Amino acid sequence: MTKKLLLIDGNSLAFRAFYAMYQQLDRMVTPEGLHTNALMAFNNFLESIVLPMQPDFALVAWDAKSGKETFRGDLYADYKSGRDKTPVEFKEQFPYLREMVLAHGLHNYEQNGLEADDIIGTLSREGEKAGDDVIIITGDQDLTQLATDKVTVKITKKGVTQIEEYTPAYIQEKFGLTPAQIIDKKALTGDTSDNYPGVTKVGEKTALKLLTEYHDLDNLYAHVDDMKKSKMKENLIADKEVAYRAQKLATIITDADLSISLDDLAYNGPKTKGLVELFESLHFKSALAKLKAHQLVDQDDTSVEEAESQSANFHPVKELDEAALADLAKADTLAIQIDTDADNYHTADMLAFAIGNDDLGYFASRDFTWFENQTLRDLIENPEQKLRLFNAKEVWVLMHRLDLTLAGVDFDFMLVAYLLDTVGNDNVLSTLAARFGLYLPADEDFYGKGAKFAVPTDDQEVYDHLGHKAEALYGLRDKAFEELAEHKQTALYHDIELPLSFVLAKMEAQGFAVKEDRLEKMGQELDEKISQLKEEIYQIAGEEFNINSTKQLGTLLFEKMNLPVIKKTKTGYSTAVEVLEELAPQAPIVSHILEYRQLAKIKSTYVDGLLAVVDQADQKIHTRFLQTLTQTGRLSSVDPNLQNIPMRTEEGRKIRHAFVPSHPNWLIFGADYSQIELRVLAAITGDPNMKKAFMEDEDIHAETARAVFGLKADEPVDANHRRTAKAVNFGIVYGISDFGLSKNLGISRKDAKSFIETYFKEFPKIHGWMEQIKEQAHKDGFVETIEHRRRYLPEINAKNFNRRSFAERTAMNSPIQGSAADIIKIAMIKVDQALTKEGLQAKMLLQVHDELVFECPKEELEQVRKLVTSVMDSAVSLSVPLKVEDHAGPTWYEAK
DNA sequence: GAAATCACG
DNA sequence: ACGTACGTGATTTCC
């Protein structure tokens with residue numbers, strides 16, 4: 001029987017624990033004055049992660065107290081220097097952390113001259129030799145170098161209870177490196193947190209490229225002379241010693257002389273008495289209560305769980321077999337459920353699937369080779385077999401990964417539930433089913449969340465879980481459809497959202513091709529500018545500080561430099577752009593900070609952020625569009641968000657140069673609705689003045705200015721007047737208030753109020769509609785779009801003025817924003833159909849609220865232009881024309 | 001894990 | 001008098 005050895009990096013986890021609950025720091029103090037936030041989080045970690053693991057051996061390794069006296073300190077004097085002092089509130093918790101480890105039945109170990117890493121490295125190799133399964137838990141990515149087939153490194157992602165598992169395969173997939181190459185990567189790049197340098201100008205990306213080409217450091221230097229002349233080559237040669245020193249610093253020792261061995265690490269579970277004493281001394285009341293409750297349960301023989309599982313009235317779930325599949329293949333209607341181990345279904349592992357109906361029963365399997373079976377393949381691809389499921393877009397993508405094209409979806413409960421009510425929708429099957437009185441165990445409870453996520457070892461448990469979900473989906477359909485009909489939303493579902501799901505699925509799977517080298521080059525240029533700016537800022541400030549820290553920046557600007565405080569936040573001084581722009585004329589440092597902020601944002605979110613999500617298999621970015629999230633009917637985009645790629649500043653906009661067509665001689669083509677929200681407003685309200693402006697294709701903001709400022713039709717409009725009118729138009733769309741407008745324009749509330757009054761006089765039907773929609777919201781509790789998309793406003797009758805006012809503005813905004821969303825969704829479906837019908841190769845890639853982005857062969861451009869713009873401007877028929885503008889070019893940069 | 005900031009429509 | 005413009009997502013700090 002293979003033994004399980006658990007090795008925990010105490011320092012790094014305790015550190016994470018401290019900051020995971022940092023905001024609780026002041027609240028979590030014992031009467032004796034001891035801070036307990038890290039202890040609390042560490043205890044949660046031990047209970048939720050370690051306890052369920054049931055290791056045979058377990059150790060928590062700690063860094064030696066006399067920190068610097070390791071061989072690394074001898075090798076490089078500045079090793080780990082420049083770190084901030086450990087806060088006393090954290091330090092004082094250390095002795096208790098060690099006690100806690102013991103009470104939970106684990107062992108502590110530390111040794112002079114060694115860091116926790118080295119202890120873990122040495123023991124993991126020993127465990128491996130003994131044939132054990134080794135699990136390392138840490139917050140430090142450096143330890144991934146220890147991963148092997150027998151050694152898994154688990155790294156905390158967020159706090160201490162969400163964990164990512166690094167196997168050699170996963171490391172290869174994520175970094176493109178073997179565990180051993182992780183060391184050489186650090187040899188080349190150095191490590192800023194441990195404060196040692198690598199080769200000059202070599203960062204993450206360059207290192208990766210070099211290692212891909214030369215495999216390791218020795219081989220690289222063996223061939224360095226053959227490299228073609230470049231600055232990088234010179235740097236590599238000049239910094240050879242630095243690189244080898246960094247390699248030594250980065251290498252975790254795996255053969256240290258320890259005074260313990262595996263046999264000393266036996267784990268026999270928590271020691272109740274020790275825990276009780278510890279919790280009492282730390283005043284951990286709830287942990288204590290839980291502990292006592294558990295002791296009671298343990299003595300009780302009747303199993304609560306068993307009683308519960310029998311009470312639910314589900315069909316038994318059987319393992320799928322050939323005979324069952326043959327029967328299922330003949331069914332008209334089936335429910336299907338597939339579970340994955342992560343949200344991102346483009347990359348997640350598929351865990352299990354279930355399929356069935358109430359007549360034939362439900363069948364499940366964890367074996368995805370079933371999808372090589374022709375009977376099952378036909379079933380998935382047969383449009384005549386009606387499927388009931390949860391999240392058709394996800395299932396389409398999962399099937400696509402198995403080379404199948406999902407067809408025949410009849411009921412997508414996720415979509416229907418979203419259309420019925422967006423409020424409080426968490427997109428979780430169990431909670432949405434509960435709205436219909438059907439109670440299922442939540443995935444989060446079944447699998448655990450974050451670090452606790454684990455698939456039960458008993459397959460039957462998993463089959464039951466999925467089978468019951470499938471059965472729920474099967475049963476929910478009729479009632480859910482009935483409610484849709486009551487809402488007059490049947491067409492919205494059948495003709496818009498469901499077909500859109502598949503359009504979006506195709507777009508996601510298609511992906512947007514990205515030139516990594518362009519992003520990398522931008523990243524290097526940005527890095528140079530950023531470090532220059534940093535130097536200048538430090539120079540002017542007369543000290544070094546973390547410019548990213550609003551707290552430190554606030555101290556500098558408002559305490560040391562005594563600049564006027566313009567705005568405060570909940571926690572201190574505001575250093576937001578508006579504030580800094582106002583301060584810029586008074587202190588030259590401020591404009592440097594503004595520039596630094598801008599560039600740092602571009603570098604971290606867009607250059608680094610996007611590079612991190614490029615699919616290495618096809619050099620593309622595959623976002624996920626969330627179709628059931630927003631309260632208005634818009635889409636959102638995650639992992640990464642491709643709906644907020646910079647546009648407004650030239651510096652940021654350059655990011656779009658990296659977004660390119662996926663074939664040579666193709667182009668990026670963009671088409672966007674001009675002023676769609678104001679056109680929708682004009683159409684919905686029927687206001688004659690605003691309609692006229694659009695029907696005559698006038699500049700709407702200029703026309704608004706003419707109306708509000710009483711100018712004649714042919715009188716030129718002053719830029720300032722136009723700017724004001726534009727702000728009022730925006731305000732109208734957002735659900736106008738004099739306060740908001742005055743703030744936006746920097747004018748008095750009185751002036752803002754009079755602008756609004758004049759506006760409503762000039763556009764009387766807009767005013768009438770605003771009043772009417774608010775009244776309707778108060779009466780019905782919801783508002784609707786042109787396609788009967790509904791938004792409930794539970795706070796429309798709130799006593800609290802703020803809440804009620806917010807609901808009223810929402811009542812005015814949602815039909816406008818939501819109807820615009822309806823229109824572009826309809827356009828997307830029609831464009832997709834038209835492209836197919838015309839046999840064009842062009843592919844739709846993105847939707848950005850009022851804009852669609854495509855790639856197409858150069859030769860198709862004219863045809864695609866005509867087709868897309870005409871489909872878009874005739875997507876729906878309004879009493880106001882829709883206008884579409886388009887742009888094309890070799891990259892996304894030019895296509896807007 | 002909340003708050004601040006900033007990117008988009 | 002109340003005090004905010006509408007809808008999103010990602011990164012960073014906190015030390």
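As the structure is a prediction and not an experimental result, all values here were calculated from the model. Numbered from 1 within each chain, the chains take letters A, B, ... in sequence-line order.
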Phosphate-side-chain proximity, A/Thr632 and C/dG7, N/O vs OP1/OP2 below 4.0 Å: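 Answer is no, no contact under 4.0 Å.
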
side-chain N/O A/Lys743 vs C/dA5 OP1/OP2, d < 4.0 Å: yes

Protein proximity profile, nucleotides 3-9 of chain B - base contact B, sugar-phosphate-only contact S, no contact -, cut-off 4.0 Å on heavy atoms: SSSBBBB

Pairing residues for A/Asp63 by the salt bridge (Lys or Arg N to Asp or Glu O under 4.0 Å) criterion, not counting sequence neighbours: none

Qualifying residues under salt bridge (Lys or Arg N to Asp or Glu O under 4.0 Å), relative to A/Asp850, sequence neighbours excluded: none

Sequence-distant partners of [X], side-chain hydrogen bond (donor to acceptor under 3.5 Å, both in side chains), two or more places apart:
X: A/Glu808; value: A/His778
X: A/His346; value: A/Glu508
X: A/Thr575; value: A/Arg597
X: A/Lys726; value: none

Any residue meeting ring-ring contact (aromatic ring centres under 6.0 Å, His included) with [X], in chain and number order, not counting sequence neighbours:
X: A/Phe15; result: A/Tyr19
X: A/His767; result: A/Phe760
X: A/Tyr596; result: none

How is [X] classified with respect to the nucleic acid when contacts are heavy atoms under 4.0 Å: base, sugar-phosphate, or nothing?
X: A/Val638; value: sugar-phosphate
X: A/Ala807; value: nothing
X: A/Gly731; value: base
X: A/Leu635; value: nothing
X: A/Asp608; value: nothing

Gap between atoms [atom1] and [atom2], on [X] and [N] respectively (whole Å):
X: A/Tyr418; N: C/dG7; atom1: OH; atom2: C1'; result: 11 Å
X: A/Asn548; N: C/dC15; atom1: CG; atom2: P; result: 14 Å
X: A/Arg789; N: C/dG7; atom1: CZ; atom2: C1'; result: 13 Å
X: A/Asp639; N: C/dT11; atom1: CG; atom2: C1'; result: 14 Å
X: A/Gln847; N: C/dG7; atom1: CD; atom2: C1'; result: 12 Å
X: A/Leu553; N: C/dT12; atom1: CG; atom2: C1'; result: 13 Å
X: A/Lys825; N: C/dG7; atom1: NZ; atom2: C1'; result: 13 Å
X: A/Arg624; N: C/dA10; atom1: CZ; atom2: C1'; result: 14 Å

Side-chain (A/Asp873) to main-chain (A/Leu882) donor-acceptor, under 3.5 angstrom: no

Exam field: side chain A/Ser637 to backbone A/Leu642, donor-acceptor pair closer than 3.5 Å: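 Flag set: sc A/Ser637 to bb A/Leu642 pair under 3.5 Å.
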
Heavy-atom donor-acceptor pair, A/Arg16 side-chain to B/dG1 base, under 3.5 Å: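 Per atom types, no contact qualifies.
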
Base C/dT4 paired with A/Ser737 side chain (donor-acceptor, <3.5 Å): yes

Proximity to DNA chain C (any heavy atom under 4.0 Å), residues of residues 798-806 of chain A only: A/Phe801, A/Asn802, A/Phe806

Salt bridge A/Glu497-A/Lys825, side-chain N to carboxylate O under 4.0 Å: yes

C/dA5 versus B/dC6 - spacing of their P atoms, nearest Å: 15 Å

Pairwise C1' distance, B/dT5 and C/dC2 [rounded to whole Å]: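 To the nearest whole Å, 28 Å.
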
A/Tyr573 and A/Phe558 aromatic ring geometry - parallel, tilted or perpendicular at 30°/60° bounds: tilted

Aro-ring/base stack A/Phe739-C/dT4, d under 5.5 Å, angle under 30°: yes

Where DNA chain C forms stems, i.e. three or more consecutive Watson-Crick or G-U pairs with both distances under 3.5 Å: B:1-9 with C:6-14

Closest listed nucleotide, where the reference is the side chain of A/Asn546 and the choices are C/dA5, C/dT13, C/dT8: C/dT13

